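Before any comments, here is the structure.
Keep in mind it's a predicted model, so treat the numbers as computed, not measured. Every chain is numbered from 1 and lettered A, B, ... according to where its sequence line falls, protein lines coming before strand lines.
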Amino acid sequence: MPLIDSFVFVTSILLLLGIVSSKFSARLGMPVLVLFLALGMLAGSEGIGGIDFEDYKITYAIGTVALAIILFDGGLSTSMKTLQQSWLPAGSLATIGVLITAVITGLAAAWILHLPILQGLLLGSIVGSTDAAAVFSVLRAGGVHIRPRLANTLEIESGANDPMAIFLTIGLLEVVTGKMSLGFELLGLFVSQMGIGLAAGLLTGWAAVGITRKINLASSALYPILASAFGMLSFGLAAICGGSGFLSVYLTGIVIGNHRLVQLRNVIPFHNAVAWLAQIVMFIVLGLLSFPSRLLAVVTPGLAIAAILIFVSRPVAVLLSVWWGKFTGKELVFLSWVGLKGAMPITLATFPLMAGIAEADEIFDVVFFVVLVSAVLQGWSLPWIARRLGVAIPLRPKPPVTLELSSLQEVEGDIVDYFVDRDCRASGKLIRDLALPENVVVALIVHEQQIKLPQGSTRIEPGDHVIVVLRPSVRKLVDRLFCRSTDVATDSSQEFLVEFPIRATVTIQEFEQLYDLHLSGPAEMTLAQWIKQRLAPTKPSLGKFVIHDLVSLRITQLTEDGEISQIAICFIPID
Amino acid sequence: MKFRNFVKTEAIKVGLVSTEKEAVIRELIDNLVASGQLKKDQQENIVQAIMKREELGSTGIGRGIAVPHTKHPSVTEPVGTVGVSHTGVEFQSLDGEKVHLFFLLISPPDRPGDHLRALENISKQLQDEMFCRFLKQSKTAEDIQQVLEEADNA
């Protein structure tokens, strides 16, 4: 078999196994990376696959590209809002925090492994960064949701701390190999790495946005590639000019992602997929590269260093970098515990190997072991810890199953496809009994292959797709009509429609004075009469409502002879 | 309209002592007077205005929450405060439960729209069960202030 054929074959098998193993991740509560690594090890020279792979240069190249892709994807999905809310604590964790973690772990490692101090610090820097992907995959798999502020801080930290860890590693390697001295030279490297990375990242991002707006490509499939190309350009440009390519590509991602260009709607799903591919490939390659037998040799020092990292360095780093950040004690404990290690340390651990320093093998094995311990131990316990500490918040209720067709231009209207299942509140009702507000039209009902043209007397049945044309302002109200009835009755975590009761005998004049709203009716008319008039020819019934300006008036009580006796006012959200 | 535009931090009160409707409204207004947001001589008048709105329908919206509100000429901008009662207040709420969390709002009559904007924001945030739970569990005015700030920035 020609080389390329067998390569394609083996790669496909590994990819398939990788994808299948991701299914077990949720069940085992372990980060996917552990499974991918295990797969790589199994396929490797000491496993059943027997693939002989020990090329650090290729590994380094794959690792760099994969990390750049993962960071770009992370940047694309980072909203400005998230950033504004938590860039300060996250930035502090990503810089000072990484430094403190690296120093404490490094000194401990030097002592435990009897390494020279500098080599110890090198090891510390390599394991200094946390992995966002690992943290979030574990939390998501465990069904744990944490407060937005905490989640945002973690997210930004783990995106932004990689450049710092990379800088520390590269800088210390330069010092160890005698190409640079500690002190000013190192500081200079820091300034140029971050400064150039920052400039290149922002400039490329803005250029990308400007060009994408103007370019008008023939095929929409080309736009994600265009964004990828700019990501690569950003990385390459920064790296060539002596800056941090990783910082640069992350920033470019943020700039592009926050400009929500119409042409770029496919960019995020595309890069999500590419980032997954990058993760699978990288971890399998890293697994292939490792020697499980050599890991056994570093169990004792590895466990000791992992323990220092988890129980001393990270908590101290968290405390010193964000004690001022308005986090509760429990949240600080949580932040300390989520210092999950991921791809970055293992990739960085190939740097000393390539630089050819004497302790490189030992450093690589220890780092690999520490990452495994961190990912398994912290990954496994994370959902449990989150619940124990009470930082987990219950999941929001599922909205009705919908598909939105948004127009590409700004139009005051949406087309929403509500899928009706058995528990849907609208299920079994006639359209005219739905109490649909004004500005809403049921345009079409699709049942399997059949089309029903909706009329007042059409009954909505389970399995229907009800396609509704509505103004965005009433979306929430209509969502409520189609949501699951179980959500309304029992679930305490569900969103409530906040309504203010008011008597139906209140006159229009009284109401107008209360709320500055002009109902355009005779002053002495009651709200009951007014609603009745607005609903006509439909008869008033429980739950029917009228939208006027920025409020909706809903009938909440009827007398026995069908007169409206109680109304609720709801202030419609503007956005 | 964000909370920061109308909720007066100094007037936030945790641990309201009143157990009846009019008394608790008076207590909330007292705090606004004490923090200099309202004039002392208007106090009674404002309480009556709020009570008048309550007579048209209780603003106890259920789930232990009430949003008493009125327009009143003595203020020049929307003035609001938040109060938490640990014992609960009888408020003729929709669901008959005692009220633990109060949002009180007074808006000037000559700025149409502001009143609605503020009520709209309060309504929107109160839909979020977590938001309400955090507020009801707050031990200090600073806790409340922080939850409101987070809601503003979210």
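- Using a 4.0 Å cut-off between charged side-chain N and carboxylate O, B/Arg63 and B/Glu97 make no salt bridge.
- A distance-only check finds no donor-acceptor pair linking the side chain of A/Thr505 to the backbone of A/Ser565 [under 3.5 Å].
- Between B/His69 and B/Phe103, the distance from one ring center to the other does not fall under 6.0 angstrom.
- Of the residues considered (B/Lys52, B/Glu150, B/Glu55), B/Glu150 shows the highest number of contacts with chain A, using heavy-atom pairs under 4.5 Å.
- Interface residue B/Gln146: only side-chain heavy atoms are found under 4.5 Å from chain A.
- By the 4.0 Å N-to-carboxylate-O rule, B/Arg4 lies too far from B/Glu149 to be salt-bridged with it.
- With chain A as the partner, the residue from B/Leu116, B/Asn121, B/Thr59, B/Asn153 showing the most heavy-atom pairs under 4.5 Å is B/Leu116.
- The residue among B/Val67, B/Ile65, B/Leu119 with the most heavy atom pairs within less than 4.5 Å of chain A is B/Leu119.
- In this structure, the portion of A/Ile569 lying under 4.5 Å from any heavy atom of chain B is its side chain and not its backbone.
- For the atom pair CD of A/Gln566 and CZ of A/Arg503, the computed distance is 8.0 Å after rounding to the nearest 0.5 Å.
- Per-residue counts of heavy-atom pairs under 4.5 Å with chain B were compared for A/Ile502, A/Val551, A/Thr328; the largest is that of A/Ile502.
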